Amino acid sequence: MNINMCIIQSMLQLIMFGIIEIIKSIVKLFIPLKNQMKNISGEIALVTGAAGGLGRALALNLVNHGAIVVIWDINQKGIDETMKLIKAAGGTCYGYICDVRNREDIYKKAKLVQAEVGQVNILINNAGVINIGIFWKTPDNLLSHVMEVNILSQFWTVKAFLPEMIESNKGHIVNIASIAGLIGFPTVVDYCTSKYAAIGFSEALQMELDFHGHDIKTTVVCPIFIHNTGISTTKYSGIFSTLSPQEVAERTITSLRCNTELVLLPSYMQFVLFFKRVLRSVFKHDPTEFEPIESRKTSIIN
């Protein structure tokens with residue numbers, strides 16, 4: 001009987017939580033967007049994978065809102081170019097070489113940033129890689145590479161910076177995922193897997209933070225195809241629209257400032273999710289056109 005009562009109580013709590021969240025969402029519809037946004041001027045924000053593409057656009061957008069930006073990447077030339085653009089825009093930026101596949105390097109650089117710049121209050125996990133090809137023909141080291149960069153690195157960066165956020169009860173973690181973390185795509189099976197994991201990580205982490213009463217926010221961003229990420233989108237461009245890094249960056253920072261937990265880009269993708277089973281018939285190609293396996297930085301979707 002006690003077990004049954006506990007189950008009923010848990011179900012009622014879940015229902016009440018859902019009702020409260022629905023009410024909150026409805027109330028937000030009547031509040032002007034500008035009144036929902038928090039001020040991030042003067043906050044220290046760290047962006048991984050910021051030597052170009054979406055990472056660079058995110059860094060520049062943060063600077064436009066007065067944030068102090070720290071960028072991590074393995075490409076020194078790209079870091080220098082991003083820093084030059086930020087300084088030209090009148091912003092403050094610090095750049096560090098950091099291999100996010102290396103947990104110890106992350107922890108080491110995190111301590112260095114904390115000592116040289118200060119406490120990071122905004123963490124944006126943007127670094128990502130992709131393999132294009134048939135899953136069972138993809139070399140094991142490339143499969144490991146995708147998981148290390150796209151999801152495991154998020155574990156290590158969050159563990160590196162979250163304790164100080166909790167201590168000050170202030171912070172925001174943004175994980176760049178992908179629509180491929182909600183809808184499976186052929187020829188990028190490992191990539192989809194890593195993005196499904198990133199979405200689950202963000203959701204579960206927010207629940208755990210809430211459970212322990214910490215006022216730390218998370219946002220997971222799921223964009224569709226992005227221009228200028230080094231990956232061809234011609235095979236899918238006739239099916240889905242493409243976005244610019246600037247568009248995704250602007251929406252990401254707006255969502256961060258509004259404490260939005262899940263962001264789908266473009267917005268109509270929320271309706272596509274209802275029909276995702278139908279999409280399976282869309283992605284039928286000759287498997288040979290996806291060979292040989294390619295490993296490239298960033299991704300076709302994020």
Side-chain angles (χ1 to χ4, degrees), residues 14 17-18 20-22 24-25 28 33 36-40 43-50 54-55 58-59 61-62 65 67 69-70 72 100 106 110 113-114 119-128 147 149-182 193-223 248-265 267 269-270 273 299 301-302:
L14 183 62
F17 178 78
I20 291 171
E21 290 303 310
I22 290 171
K24 284 181 179 179
S25 300
K28 276 189 173 183
L33 192 61
Q36 298 180 36
M37 295 186 185
K38 60 187 177 185
N39 183 13
I40 60 172
E43 301 287 358
I44 297 174
L46 187 146
V47 184
T48 66
L54 177 56
L58 286 164
N61 200 288
L62 284 164
H65 292 285
V69 178
V70 179
W72 281 4
V100 295
I106 287 175
V113 168
Q114 289 162 349
Q119 179 181 331
V120 171
N121 292 320
I122 298 172
L123 170 64
I124 302 183
N125 285 309
N126 166 72
M147 300 307 291
V149 175
N150 293 4
I151 182 59
L152 288 179
S153 70
Q154 296 187 6
F155 288 3
W156 315 141
T157 57
V158 169
K159 287 194 70 178
F161 294 107
L162 184 56
E164 283 199 346
M165 291 183 184
I166 290 175
E167 187 176 342
S168 63
N169 202 33
K170 180 182 180 182
H172 202 124
I173 298 165
V174 179
N175 294 323
I176 304 298
S178 169
I179 288 297
L182 294 166
T193 303
S194 69
K195 295 304 181 179
Y196 266 81
I199 293 170
F201 174 49
S202 299
E203 180 181 356
L205 179 62
Q206 184 66 70
M207 293 176 70
E208 190 161 271
L209 288 166
D210 291 343
F211 180 80
H212 289 282
H214 301 308
D215 192 24
I216 314 298
K217 305 301 181 183
T218 67
T219 295
V220 60
V221 182
C222 304
V248 178
E250 183 176 353
R251 181 68 184 276
T252 298
I253 303 308
T254 297
S255 299
L256 180 160
R257 296 182 65 202
C258 292
N259 292 328
T260 306
E261 289 187 18
L262 174 64
V263 183
L264 305 183
L265 298 176
S267 299
M269 289 308 299
Q270 58 189 309
L273 292 179
S299 71
I301 301 177
N302 109 15

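Source: prediction; values computed, not measured.
Under the 4.5 Å side-chain criterion, counting only non-hydrogen atoms from C-beta, Ile40 is in contact with Ile253.
Every side chain to side chain contact (heavy atoms under 4.5 Å, CB included) that Ala197 has, sequence neighbours left out, goes to Ile151. Taking the side chain to side chain donor-acceptor pair (under 3.5 Å) definition, one finds that Ser202 meets it with Asn175, sequence neighbours left out. Residues meeting the side chain to side chain contact (heavy atoms under 4.5 Å, CB included) test with Glu203, sequence neighbours left out: Met207. Legend: residues meeting side chain to side chain contact (heavy atoms under 4.5 Å, CB included) with Leu262, ordered by chain and number and at least two apart, are Val220, Cys222, Leu264. Looking at residues two or more places apart in sequence or on another chain, you find a side chain to side chain contact (heavy atoms under 4.5 Å, CB included) between Gln119 and Asn121, Glu164, Ser168. Residues satisfying the side chain to side chain donor-acceptor pair (under 3.5 Å) test with Asn61, not counting sequence neighbours, are His65. In this structure Thr219 satisfies the side chain to side chain donor-acceptor pair (under 3.5 Å) test together with His172, sequence neighbours excluded. Considering only residues two or more places apart in sequence or on other chains, Lys38 meets the salt bridge (Lys or Arg N to Asp or Glu O under 4.0 Å) condition with none of them. Partners of Ser194 by side chain to side chain donor-acceptor pair (under 3.5 Å), not counting sequence neighbours, listed by chain and number: Asn150.
Expressed to the nearest 0.5 Å, how far CG of Leu162 lies from NE2 of His214 amounts to 7.5 Å. The line from NZ of Lys217 to CD1 of Ile122 is 14.0 Å long, rounded to the nearest 0.5 Å. Rounding to the nearest 0.5 Å places CD1 of Ile179 at 12.0 Å from NZ of Lys195. In this structure, CG in Leu182 is found 3.5 Å from CD1 in Ile199, a value given to the nearest 0.5 Å.
For the pair Ser255 (side chain) and Thr260 (backbone), a donor-acceptor distance under 3.5 Å is absent.
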**Study point:** Intermediate values then yes/no, side chain to side chain contact (heavy atoms under 4.5 Å, CB included), Val248 and Ile176
**Key:** CA-CA 10 Å; Val248 178; Ile176 304 298; 5.8 Å; no
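For the side-chain contact (heavy atoms from CB on, under 4.5 Å) with Met165, the qualifying choice from Leu209, Asp215, Leu123 is Leu123, the only one to do so.
Within a 6.0 Å radius of CD in Gln114, other residues, nucleotides and ligands contribute more than 12 heavy atoms.
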